[in-house]
Amino acid sequence: MSLNIIWLLLSLCFSPSVHGSDSYNTDTLDAFLQDSAFKSLVRHRAHTGALYRALLPANLSGVQVSIVRIRSRTLWRFGANFSNFQIPSRTMALPHVRRLAIVYQDLGNWSSRYYSVPGYSMIAPVVGFMVFNASNARAKRIRKVSLDTSGKAIAIRFPDSTVTDSMVSSGAKCVSFSASGAFHLSEINQLNECDSQDHGHFSIVVPEERRGRDRRRHSLWYLWVIGFALGFSVVAFLGYFGMVSLKLLKTKKIQVMERQADEDLVLETIWVGSSKMPSAAVTRTQPNLENGGF
């Protein structure tokens, strides 16, 4: 297992991206995550039916791995509903084993490094699960087994991703990645979930043209919002500036009129007792005799 760890570290350091067709690197990652998951069982002295989280190195931040060990008869009677997967009842392991260990993976922001679909963009992280023979806890080599669901579908959920009806109508697809590096596209069901008949890795993809169109539409909507906000601010500022200007002009006009009135009215002053008071000159209209006299 140490060789797998060395190859994993080398791929992380020297490979800028690893595509789904490069099965060697994905197999190395699976082996490393599987080893980390089974170490968590030993560390916790695991109980049957309990889900345990694996500890991963800091350079795999964003990746989540968990493991659960269940009996085959429990899987047959009740199925398994852990993590992002719901395995239906009446499911059995091929070949038959007494105990199973299911390792769940969520690659998070590492999804596009290890998996890709030409012509499509992933809108959900790659999640996956693998099933192993856990009948002998002391076995040095743990064998992978397959599942027979008797024709029922294994439901795969993506709780951190939102798949809208418009995305589905525009070509959003479920994608499953096989161990050989090949991928298979299928339709999203009515609950916006993906279906499978066996273990593997899964995600949701949309055509790249649709992704670019959504980004342009979002950019245009963002520009419209900014333009409307700026336009409203400018109109409000101009309105306020106009009101203030009119008020200032009106005040200035009144002041000018008062000043002119003060300048045009000249009053004389007289003393009344010990007080000086303004006095207007009185001019009487001189009489005009009609006959020039008596």
Residues L55 and S36: closest non-hydrogen pair is O-CB, 4.0 Å
(message) Quick check on the hydrophobic clustering: are L248 and Y240 connected, directly or via other members, by side-chain heavy-atom contacts under 4.5 Å?
(response) yes
Heavy atoms of K152 and P88 approach each other most closely as CB-CG, 3.7 Å
Rounded to the nearest 0.5 angstrom, the CZ-CD1 distance for F158 and I123 is 9.5 Å
Nearest heavy-atom approach of Y114 to T26 is O-CG2, 3.6 Å
For S203 and C194 the tightest heavy-atom approach is O-SG, 4.2 Å
Consider only side-chain N and O atoms of R90 and T149, and report whether a donor and an acceptor are under 3.5 Å apart. no
Can you classify the ring geometry of Y104 versus F85 as parallel (below 30°), tilted (30 to 60°) or perpendicular (above 60°)?
parallel
Closest non-hydrogen atoms of M92 and W76, given as atom of the first, atom of the second and distance, are CB-CE3, 4.2 Å
Original post:
Hey, are the side chains of Q34 and I142 touching, using non-hydrogen atoms and a 4.5 Å cut-off?
Top reply: yes
#### Entry: Joint cluster assignment, F177 & W110, ILVMFWY side-chain distance < 4.5 Å
yes
To the nearest 0.5 Å, atom OG1 of T48 lies from atom CZ of R99 at 4.0 Å
- Do F183 and Y115 make the cut of ring centroids closer than 6.0 angstrom? no
L94-I154 co-clustered via ILVMFWY side chain contacts under 4.5 Å = no
When every non-hydrogen atom of R157 is compared with those of S83, the smallest separation belongs to NH2-O, 3.8 Å
Has the side chain of H199 got a donor or acceptor atom that lies under 3.5 Å from a matching backbone atom of V145? yes
